[in-house]
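These notes are about the structure you will find just below.
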Amino acid sequence: MSEPAASLSPARRAWLRFRRNRLGYWSLVVFCALVLVSLGAELVSNDRPLVVRYEGQTYFPMLRDYPETTFGGDFATPADYLDPYVRQRITTGGNWALYTLNPYGADTLNYFAKAPNPSGPSRENWLGTDDRGRDLLAQLIYGFRVSVLFGLALTAVGVALGILAGAIQGFFGGKTDLAFQRFIEIWGSMPELYLLIIFSAIFAPSIALLLILLSLFGWMGLSDYVRAEFLRNRQLDYVKAARALGVTNGQIMWRHILPNSMVPVVTFLPFRMSAAILALTSLDFLGLGVPPGTPSLGELLSQGKNNIDAWWISIFTFAVLVVTLLLLTFMGDALRDALDPRKADR
């Protein structure tokens with residue numbers, strides 16, 4: 001028998017409401033599976049075999065560079081495992097090699113391709129290649145990982161700054177709130193895109209610099225919701241009782257008011273992550289994002305724009321981006337309904 005609703009904790013009831021939203025729940029499952037695959041991208045898409053068994057010896061090319069002479073080649077340079085000669089040496093005569101599912105890395109150039117670049121989907125490159133000869137499937141896997149990790153980092157920093165600013169405004173109110181509001185109005189009027197262009201011209205492009213610049217502006221939207229929650233909750237009886245008992249302002253804020261003000265924060269997490277991924281993609285499309293050579297969905301969209309005939313670049317990249325944003329949106333809708341106190345348990 002199931003537990004009665006009255007005996008369940010608020011978190012447990014919220015989770016059950018979230019699971020009842022099948023679209024949001026399965027979006028979470030699919031998104032987590034995609035993230036796990038991308039985190040282990042080297043085990044899924046790599047131009048080096050996982051294990052090579054050659055003449056009684058076992059080699060692990062993913063962990064160490066081996067010269068071509070190790071496998072009977074003529075050169076002391078690192079072995080190219082896409083070279084038909086090297087591949088024949090390590091897969092014949094009792095030798096064997098265990099390749100990844102997609103035998104191409106993020107920056108692998110297939111010099112032995114039969115068709116000119118960009119080439120369409122084929123048995124060698126399932127989703128085709130870009131205009132540099134890189135495998136599109138590998139680019140999408142690694143680019144998805146970069147986008148998700150950047151989105152998580154930007155969301156975490158923005159949430160931390162937004163909670164801190166909103167909590168201070170809402171708890172102290174008065175002149176402190178007024179001063180913060182005027183600062184936010186001035187800071188929010190800064191031309192963010194122009195600043196990105198200026199800093200990208202001064203400093204070498206990097207993910208860390210991009211994260212810092214976007215974090216400077218990404219906290220303001222969330223701080224308004226946290227401020228409103230603190231303004232409401234600071235007048236409740238449990239806060240007045242804590243003051244009467246001599247509890248410090250810091251303890252009241254972080255141990256009493258903040259746990260009861262987290263609903264808007266948690267609800268907006270998937271939407272903020274969607275915005276972060278879309279911002280990175282847009283900046284990469286404009287050439288203001290990650291450093292050159294880094295796998296990027298925005299850079300692939302730019303290639304698709306420059307190579308109209310190579311329809312596979314635009315179609316598959318756009319599909320990955322749309323599916324990612326849809327999954328996050330469905331998760332956000334389900335999370336919002338789960339945390340809505342007006343939703344009655346069945």
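Note: hydrogens, waters and symmetry copies are ignored here, and every other heavy atom, side chains too, is used. Counting from 1, the numbers follow the sequence of the chain as shown.
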Minimal non-hydrogen separation, P121 against F316, with atom names: CG-CE1, 4.3 Å

Y238, OH: over 12 other non-hydrogen atoms inside 6.0 angstrom: yes

Crowding at CZ, R182 (>12 non-hydrogen neighbours, <6.0 Å): yes

Exercise: identify the closest heavy-atom pair between V52 and P61: CG2-CG, 3.7 Å

Side-chain donor/acceptor of S38 to backbone N/O of A41, under 3.5 Å: no

pair T129-R134: side-chain heavy atoms closer than 4.5 Å: no

Short side-chain donor-acceptor distance under 3.5 Å, N46 and T100: no

Under 3.5 Å side-chain donor-acceptor pair for N233 and N260: no

Test item: N307 side-chain N/O and A310 main-chain N/O as donor-acceptor pair under 3.5 Å: no

N/O donor-acceptor pair under 3.5 Å between D83 side chain and A79 backbone: no

Y85-W96 co-clustered via ILVMFWY side chain contacts under 4.5 Å: no

Presence of salt bridge, D224 and R227, under 4.0 angstrom: no

R53 and T58 side chains, donor-acceptor separation under 3.5 Å: yes

Geometric cation-pi criterion R48 and Y66, 6.0 Å radius, 45° cone: no

Short side-chain to backbone donor-acceptor contact, T176 and F172, under 3.5 Å: no

Joint hydrophobic cluster, L39 plus L140, side-chain heavy atoms closer than 4.5 Å: yes

Backbone of V290 reached by a side-chain donor or acceptor of D284 within 3.5 Å: yes

Considering all heavy atoms, the nearest S45-I141 contact: CB-CD1, 4.1 Å

Beyond-backbone contact of L211 with F150, side-chain heavy atoms, under 4.5 angstrom: yes

Gap between atom OG1 of T267 and atom CG of L222 - 0.5 Å precision: 10.5 Å

Spacing of I313 atom CD1 and L300 atom CG [to the nearest 0.5 Å]: 7.5 Å

Pair E229 + R234, salt bridge at N-O below 4.0 Å: no

Student check: side-chain heavy atoms of W126 and L101 closer than 4.5 Å: yes

ILVMFWY network linking Y225 to V266, side-chain heavy atoms under 4.5 angstrom: no

Shortest non-hydrogen contact between N117 and D130, atoms and distance: CB-O, 3.7 Å

P270 vs T329 side-chain heavy atoms within contact, under 4.5 Å: no

Transitive ILVMFWY side-chain link F199 to L196, under 4.5 Å: yes

E124 side, atom CD; N102 side, atom CG - distance, nearest 0.5 Å: 11.5 Å

Heavy-atom side-chain proximity of M220 to F183 below 4.5 angstrom: no

D333/F271 under side chain to side chain contact (heavy atoms under 4.5 Å, CB included): CA gap, chis, key distance, verdict: CA-CA 9 Å; D333 289 338; F271 301 107; 3.6 Å; yes

Parallel, tilted or perpendicular: ring planes of F71 versus Y59, cut at 30 and 60 degrees: perpendicular

Enclosure of N306 CG (heavy-atom neighbours >12, cutoff 6.0 Å): yes

Nearest heavy-atom neighbours spanning H256 and Q251: CD2-O, 3.4 Å

Whether T281 side chain and I277 backbone form a donor-acceptor pair below 3.5 Å: yes

From CA spacing to verdict: side chain to side chain contact (heavy atoms under 4.5 Å, CB included), V37, R145: CA-CA 9 Å; V37 170; R145 179 171 68 180; over 6 Å; no

More than 12 heavy atoms from other groups under 6.0 Å of CZ on R232: yes

Separation of Y104 OH from Q139 CD (nearest 0.5 Å): 13.5 Å

Flag, side chain of W187 to backbone of L216, donor-acceptor distance under 3.5 Å: yes

Separation between CG of L288 and CG of L283, rounded to the nearest 0.5 Å: 6.0 Å

Salt-bridge present (R89, E68; N to O < 4.0 Å): no

Side chain to side chain, F230 and L258, heavy atoms closer than 4.5 Å: yes

Test log, rule side chain to side chain contact (heavy atoms under 4.5 Å, CB included), inputs F75 and T69: CA-CA 6 Å; F75 304 102; T69 53; 5.7 Å; no

Passing candidate, side-chain contact (heavy atoms from CB on, under 4.5 Å) with S274, options L325, L326, T155: L325

Evaluation steps, side chain to side chain contact (heavy atoms under 4.5 Å, CB included), between N125 and L137: CA-CA 8 Å; N125 303 99; L137 177 58; over 6 Å; no

Distance in Å, L269 CG paired with M273 CE, rounded so as to fall on 0.5 Å steps: 10.0 Å

Hydrophobic cluster identity match, L82 and V51, side-chain contacts under 4.5 Å: no

Close side-chain approach of E299 to F285, heavy-atom, < 4.5 Å: no

Linked hydrophobic residues, I212 as query - side chain contacts closer than 4.5 Å: none

Side-chain donor/acceptor of S314 to backbone N/O of W311, under 3.5 Å: no

Y54 versus T70, closest heavy-atom pair with distance: CE2-O, 3.4 Å

Minimum side-chain heavy-atom gap L34-T324 below 4.5 Å: no

